[in-house]
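Chain naming here is simple, since letters A, B, ... match the order of the sequence lines and numbering starts at 1 in each. Not measured: the values here are computed from a predicted model. These values consider heavy atoms only, across backbone and side chains, with no hydrogens, waters or symmetry-generated copies.
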Number of protein chains: 2
Amino acid sequence: MTKSRINSSDLLSGLELMIDSYQGKEQILGVNLNPVIVRLSCEEGCVKVIEMARRLGVTADTVRFYTRIKILKPGKNKTNGYREYSENDYNRLRFVLSARQLGFSVEDIQEILNHADKKKSPCPTVRRLIDQRLNETEQRFAETLQLRERMQQAVVEWSQKPDKVPTGHMICHLIEEFAQ
Amino acid sequence: MTKSRINSSDLLSGLELMIDSYQGKEQILGVNLNPVIVRLSCEEGCVKVIEMARRLGVTADTVRFYTRIKILKPGKNKTNGYREYSENDYNRLRFVLSARQLGFSVEDIQEILNHADKKKSPCPTVRRLIDQRLNETEQRFAETLQLRERMQQAVVEWSQKPDKVPTGHMICHLIEEFAQ
DNA sequence: CTTGACCTGTGTCTTGGACACAGGTGTAAG
DNA sequence: CTTACACCTGTGTCCAAGACACAGGTCAAG
């Protein structure tokens, strides 16, 4: 397959792209990379799990998780079985993290990626899903707000009340007398 | 068996007992309770799971759950193995539901009940735990608030943007261009 | 006798990873 | 060469608070 015959300068630019987007000073080292040696060490996309994780500021377990559920599809080194993450995997993971920041569930993201993988615009799906998730978030927000107020009020009220020993029909008067 | 011969007025007084103890005026009706009849209708506490659930407005599964983790300890009918919930179980479940409303975890509640069961005041534990849980709730609240704002802003921004088809390095421009 | 509603215990599912574990790999130092 | 150590693999389990499923037992009414 031609697929395995990746142009080394492509690979390098892919690498640089990834390194750059991570942070800063690897550029200095990027110059030292010998493309030939890079190709020797791995066929297509050189990045192992821990490196991938580091570049996007997540744990290796997170990368493994997204691999396990097939959102990432790294190649496999034939000789040692190690997974090799490509620039494409990097882009996907970056996308996943952005989407998670916007409240999409992992399942949502799989749906979105399915559309994109078929070259169809995922935007209508994205708009529909964010409406749903926003509703749920508003709901959760309201609940959390109420819970917080209840708790705050309890703390205030309880500060005026003594401790008591439980009786037959009262386990903790603080909690049971806190009517709401 | 005498067991199956449930006197309907007993059932009613059992009901009343539980209902009353919830509201606090059981002493008035307590006069009406005939202990002998109560013992005939069921040995100690007459209530089966679905009835218990209905009275506190939860599902039978919830009652079974708290039974499974031994917060409720119903008796067991020797002949059919059905669980029989007593007034004490009713009080405990009512307490549990109140505590859950105040953000205590089930594990918290077990700790609180352990104190109460040893006749020690659970109040210091309760005060300590609510401080922790309130902190966590404030945290969650802040996070939910931020997520909500992010999502709202995304919806607004996206309403001005067209759908697009994914490219090699862009899966969904809506999500990926939404910088924050 | 059958139907249907109820009961039992047990096991599995939910989210988004985190952690564990057994066993393989790669490399640098002694 | 061996050893140590850091890394890798797949798989399984765990979290919270129930919800749901399932196989099998019970019971009252028709």
Side-chain angles (χ1 to χ4, degrees), chain A residues 37 40-42 45-54 56-85 93 96-97 99-111 133 136-137 140 143 147, chain B residues 1-6 8 11 41-42 45-54 56-85 93 96-97 99-111 132-133 136-137 140 143-144 147:
Chain A
I37 294 177
L40 280 177
S41 66
C42 72
C46 212
V47 191
K48 281 177 286 189
V49 63
I50 217 169
E51 187 54 23
M52 183 76 163
R54 195 188 55 77
L56 284 166
V58 296
T59 68
D61 272 320
T62 298
V63 177
R64 288 198 192 99
F65 172 67
Y66 288 118
T67 306
R68 174 138 59 163
I69 64 175
K70 301 192 184 2
I71 277 185
L72 302 181
K73 293 153 189 160
K76 239 180 151 157
N77 184 311
K78 300 272 150 84
T79 65
N80 62 14
Y82 287 11
R83 293 186 274 224
E84 295 170 340
Y85 292 91
L93 182 52
V96 167
L97 298 177
R100 298 275 310 127
Q101 281 289 307
L102 276 168
F104 292 99
S105 73
V106 170
E107 209 175 339
D108 293 343
I109 293 170
Q110 284 174 317
E111 192 180 341
R133 299 300 160 242
E136 295 164 10
T137 302
R140 280 213 334 266
E143 284 163 13
L147 175 60
Chain B
M1 299 295 277
T2 53
K3 163 178 46 94
S4 65
R5 206 167 298 148
I6 290 183
S8 58
L11 198 58
S41 67
C42 68
C46 212
V47 191
K48 282 178 286 190
V49 64
I50 216 171
E51 187 53 25
M52 183 75 163
R54 195 190 55 76
L56 284 167
V58 295
T59 68
D61 272 321
T62 299
V63 177
R64 288 198 192 98
F65 172 68
Y66 288 119
T67 307
R68 176 138 60 162
I69 64 174
K70 300 190 180 13
I71 277 185
L72 302 181
K73 293 154 191 159
K76 238 181 155 161
N77 183 311
K78 300 274 150 83
T79 67
N80 62 13
Y82 287 11
R83 294 186 273 223
E84 296 170 339
Y85 292 92
L93 181 52
V96 168
L97 298 177
R100 297 276 307 126
Q101 280 290 307
L102 277 169
F104 292 99
S105 73
V106 169
E107 208 175 342
D108 292 344
I109 294 170
Q110 284 175 316
E111 190 179 342
Q132 285 178 227
R133 299 301 161 241
E136 295 164 9
T137 302
R140 279 214 331 268
E143 283 164 14
T144 309
L147 175 60

**Asked** Is there a side-chain contact (heavy atoms from CB on, under 4.5 Å) between A:R54 and A:I50 once you walk through the steps?
**Response** CA-CA 6 Å; A:R54 195 188 55 77; A:I50 217 169; over 6 Å; no
**Fill in**
Taking every heavy atom of A:E136 against every heavy atom of A:R133, the minimum-distance pair comes out as OE2-NH1, 2.7 Å
**Request:** Round to the nearest Å and state the distance from B:N77 atom CG to D:dG25 atom P.
**Result:** 17 Å
**Request:** Write down the atom of B:A53, the atom of B:A60, and the distance for their closest heavy-atom approach.
**Result:** CB-N, 3.6 Å
**Message:** Which residues pass the salt bridge (charged side-chain N to carboxylate O under 4.0 Å, His left out) test with A:E143, not counting sequence neighbours?
**Reply:** none
**Message:** Expressed as a whole number of angstroms, how long is the span from B:L72:CG to D:dA17:P?
**Reply:** 15 Å
Pairwise N/O distances under 3.5 Å, protein to nucleotides 18-22 of chain D:
from	atom 1	to	atom 2	distance (Å)
D:dG18	OP2	B:Y66	OH	2.4
D:dG18	OP2	B:R100	NE	2.9
D:dA19	OP2	B:T59	OG1	2.7
D:dA19	OP2	B:T62	OG1	3.0
D:dA19	N6	B:R68	NH2	3.4

**Prompt:** At how many degrees, to 10°, do the end axes of the helix from C:dC1-D:dG30 to C:dG30-D:dC1 meet when each uses five pairs?
**Reply:** 40°
**Fill in**
Rounded to whole Å, CD1 of B:I69 lies from C1' of D:dA16 at a distance of 10 Å
**Request:** In whole angstrom, give the distance that lies between atom NZ of A:K78 and atom P of C:dT25.
**Result:** 17 Å
**Asked** Can you tell if the side chain of B:I69 reaches within under 4.5 Å of the side chain of B:F65, non-hydrogen atoms only?
**Response** yes
**Smallest separation among heavy atoms of B:L147 and A:L102, with atom names** = CD1-C, 3.9 Å
**Message:** Going by the rule side-chain contact (heavy atoms from CB on, under 4.5 Å), which residues pair with A:T67 if we only count those two or more places apart in sequence or in a different chain?
**Reply:** A:V63, A:L72, A:P74, A:R83, A:Y85
**Prompt:** Taking atom CE of B:M52 and atom CZ of B:R64, what is their separation to the nearest 0.5 Å?
**Reply:** 13.0 Å
**Item:** Side chains of B:V106 and B:Y66 in contact at under 4.5 Å (non-hydrogen atoms)
**Value:** yes
**Request:** Can you tell me the distance, in whole Å, between the CG atom of B:L102 and the C1' atom of D:dA17?
**Result:** 17 Å
**Request:** Can you check each nucleotide of nucleotides 1-8 of chain C against protein heavy atoms at under 4.0 Å and return B for base, S for sugar-phosphate only, - for none, in 5' to 3' order?
**Result:** -----BSB
**Request:** Whole angstrom is fine here: how far is it from CZ in B:F104 over to C1' in D:dA17?
**Result:** 17 Å
**Message:** B:E107: which residues meet the side-chain contact (heavy atoms from CB on, under 4.5 Å) condition with it, sequence neighbours left out?
**Reply:** B:S105, B:Q110
